[in-house]
Amino acid sequence: MCLGIPGLVEEILNGAPLERSARVRFGGIRKEINLAYVPSANVGDYVIVHVGFAISVVNEQEARRIFRYLEELGDLQDLESNREASPWKPV
């Protein structure tokens with residue numbers, strides 16, 4: 001499954017157009033991300049990141065909505081794993 005995750009741009013590390021990069025925070029994790037595809041992204045912006053590349057800028061409200069969906073998916077996966085381990089699994 002391919003998934004883009006929102007992250008907060010905390011620091012621009014390199015301003016060269018094709019090598020533009022930033023330190024981006026995903027919850028408690030910080031990663032260096034390439035910003036070449038989103039030249040308008042600045043410190044304080046949320047970006048959608050896929051395999052180390054920011055692919056779009058999103059507003060904070062949209063980023064928070066995506067975080068809620070991801071949390072719900074995690075909750076659903078927990079339910080699925082509990083169902084498989086349950087002796088009450090439907091046949």
Side-chain angles (χ1 to χ4, degrees):
M1 173 164 71
C2 296
L3 188 62
I5 306 290
L8 177 65
V9 177
E10 291 189 325
E11 178 184 5
I12 302 295
L13 301 173
N14 183 344
L18 294 178
E19 299 173 3
R20 191 166 186 252
S21 63
R23 189 171 325 281
V24 176
R25 181 169 46 97
F26 305 90
I29 299 171
R30 290 178 175 81
K31 293 278 200 179
E32 185 174 333
I33 301 298
N34 187 300
L35 297 180
Y37 297 139
V38 288
S40 64
N42 286 305
V43 171
D45 288 341
Y46 282 88
V47 291
I48 299 292
V49 177
H50 179 66
V51 294
F53 289 85
I55 55 176
S56 66
V57 177
V58 294
N59 65 38
E60 183 175 354
Q61 183 179 15
E62 181 69 13
R64 293 191 185 284
R65 190 166 61 97
I66 294 168
F67 287 135
R68 281 195 308 272
Y69 288 148
L70 292 173
E71 287 175 3
E72 289 175 12
L73 284 173
D75 289 344
L76 290 175
Q77 288 176 345
D78 288 346
L79 289 174
E80 289 296 321
S81 63
N82 288 337
R83 184 184 310 166
E84 291 174 9
S86 171
W88 308 109
K89 181 179 173 183
V91 179

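What you see is a predicted model, and the numbers here were worked out from it, not measured in a lab.
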Measure the OG-CG distance between Ser56 and Asp45 for me, rounded to the nearest 0.5 Å. 11.0 Å
Separation between CZ of Arg25 and CD of Glu10, rounded to the nearest 0.5 Å: 4.5 Å
Side chain to side chain, Pro6 and Ile48, heavy atoms closer than 4.5 Å: yes
May I ask you to say whether Arg68 pairs ionically with Glu72, meaning some side-chain N is under 4.0 Å from a carboxylate O? no
Charged N to carboxylate O under 4.0 angstrom, Arg65 versus Glu62? yes
Identify the heavy atoms of Leu70 and Leu3 that sit nearest to each other, and give their distance. CD2-CD2, 4.0 Å
Could you see if Phe26 belongs to whatever hydrophobic cluster contains Leu13? Use Ile, Leu, Val, Met, Phe, Trp, Tyr and a side-chain cutoff under 4.5 Å. no
Minimum heavy-atom distance between Val57 and Ala41, given as atom pair plus value: CG2-CB, 3.9 Å
side-chain contact (heavy atoms from CB on, under 4.5 Å) partner of Arg20, chosen from Ile33, Asn34, Ile12: Ile12
Identify the heavy atoms of Gly44 and Leu8 that sit nearest to each other, and give their distance. O-CD1, 3.4 Å
